[in-house]
Amino acid sequence: MPDFANPTGGTMTLAERERLIELARKLDVPVIEDAAYSALRYDGEAVPPLLALEARRRGHVDGTRILYCGTFSKTLTPGLRVGWICAARPVVRRLVLIKQASDLNSPLANQMVMHRLAESAYDRQVAVARRRYRTRRDRMLAALARHMPKGVTWTTPEGGLFVWLKLPAGVDGAELLKRSVDRAKVAFVPGRAFFADRTGADSTGADTIRLSFSLAGEEEIETGIARLASLVEA
Ligand SMILES: Cc1ncc(COP(=O)(O)O)c(C=O)c1O
């Protein structure tokens, strides 16, 4: 996830992307570029996709080892379950067969509706989504700065839907969630869910949580962060 990763909100620099492409070639492995959030940039300059960078080096998309995965789930509608893959043609031909064999294809009507929507409304809708989510992100970052006690740190995403928070030492995100839902009616995802070992045997990530600013309105964000901050403080 080179742009506004889920869950950290982080974005890879151009140099990091170039390094990844080099490494993949050296190790002879493909790279799945999950670009689910790439259209949702709120500030800063867009960095080219891995696929574009490698295609530029190789002179053609067919020489690349990147599988670029796009989706309309974050911009137009999640319900139709339509996305796209851009990759070297021999790879795409294989993927078409695999898709057929695994689910007999995405519903044709959904694809037709999405095609129509993408042609007629995509750019306008993305602009609306960007404006709305930028405002919510800014509100969340401002509320965090206003309310969170010392010892809490967080990312400042240039896009996407998530802020990744590190709690003070000894505060467990999963424990905090239980209290937060019970007492404050505020929900989030405990960070450990995003680590390979979720059993709790390894405490890596236990002091992290993922906040989302996609659904709640500005006032709710302010209230939610204030309540969460009081719990962390307590
Ligand atoms: C990184 C990432 N990729 C893909 C998806 C889902 O995409 P789709 O709805 O097209 O399966 C999500 C979220 O649901 C996501 O966070």
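These numbers were taken from a predicted model, which means no experiment stands behind them. When a ligand or atom number is given, it counts from 1 through the structure's own listing order.
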May I ask you to say whether Asp43 pairs ionically with Arg137, meaning some side-chain N is under 4.0 Å from a carboxylate O? yes

As a test of reading the model: which N/O atoms of the protein lie under 3.5 Å from N/O atoms of ligand 1, and at what distance?
| from | atom 1 | to | atom 2 | distance (Å) |
| --- | --- | --- | --- | --- |
| ligand 1 | 3 (N) | Asp34 | OD1 | 3.1 |
| ligand 1 | 3 (N) | Asp34 | OD2 | 2.7 |
| ligand 1 | 9 (O) | Ser73 | OG | 2.5 |
| ligand 1 | 9 (O) | Arg81 | NH2 | 3.1 |
| ligand 1 | 10 (O) | Thr71 | OG1 | 2.5 |
| ligand 1 | 10 (O) | Ser73 | OG | 3.4 |
| ligand 1 | 11 (O) | Arg81 | NH2 | 3.1 |
| ligand 1 | 14 (O) | Lys74 | NZ | 2.8 |
| ligand 1 | 16 (O) | Asn6 | ND2 | 2.8 |
| ligand 1 | 16 (O) | Tyr37 | OH | 2.6 |

Compare all side-chain heavy atoms of Met140 with those of Ile225 and state whether any distance is below 4.5 angstrom. yes

Between Tyr122 and Phe72, what is the ring plane arrangement, given parallel below 30°, perpendicular above 60°, and tilted in between? perpendicular

State, without any angle test, whether His147 and Glu222 hold a side-chain donor-acceptor pair at a distance under 3.5 Å. yes

For Glu158, salt bridge (charged side-chain N to carboxylate O under 4.0 Å, His left out) partners two or more places apart: Arg41

For the hydrophobic clusters of this structure (ILVMFWY residues joined by side-chain heavy atoms under 4.5 Å, transitively), does one cluster hold both Phe162 and Leu144? yes

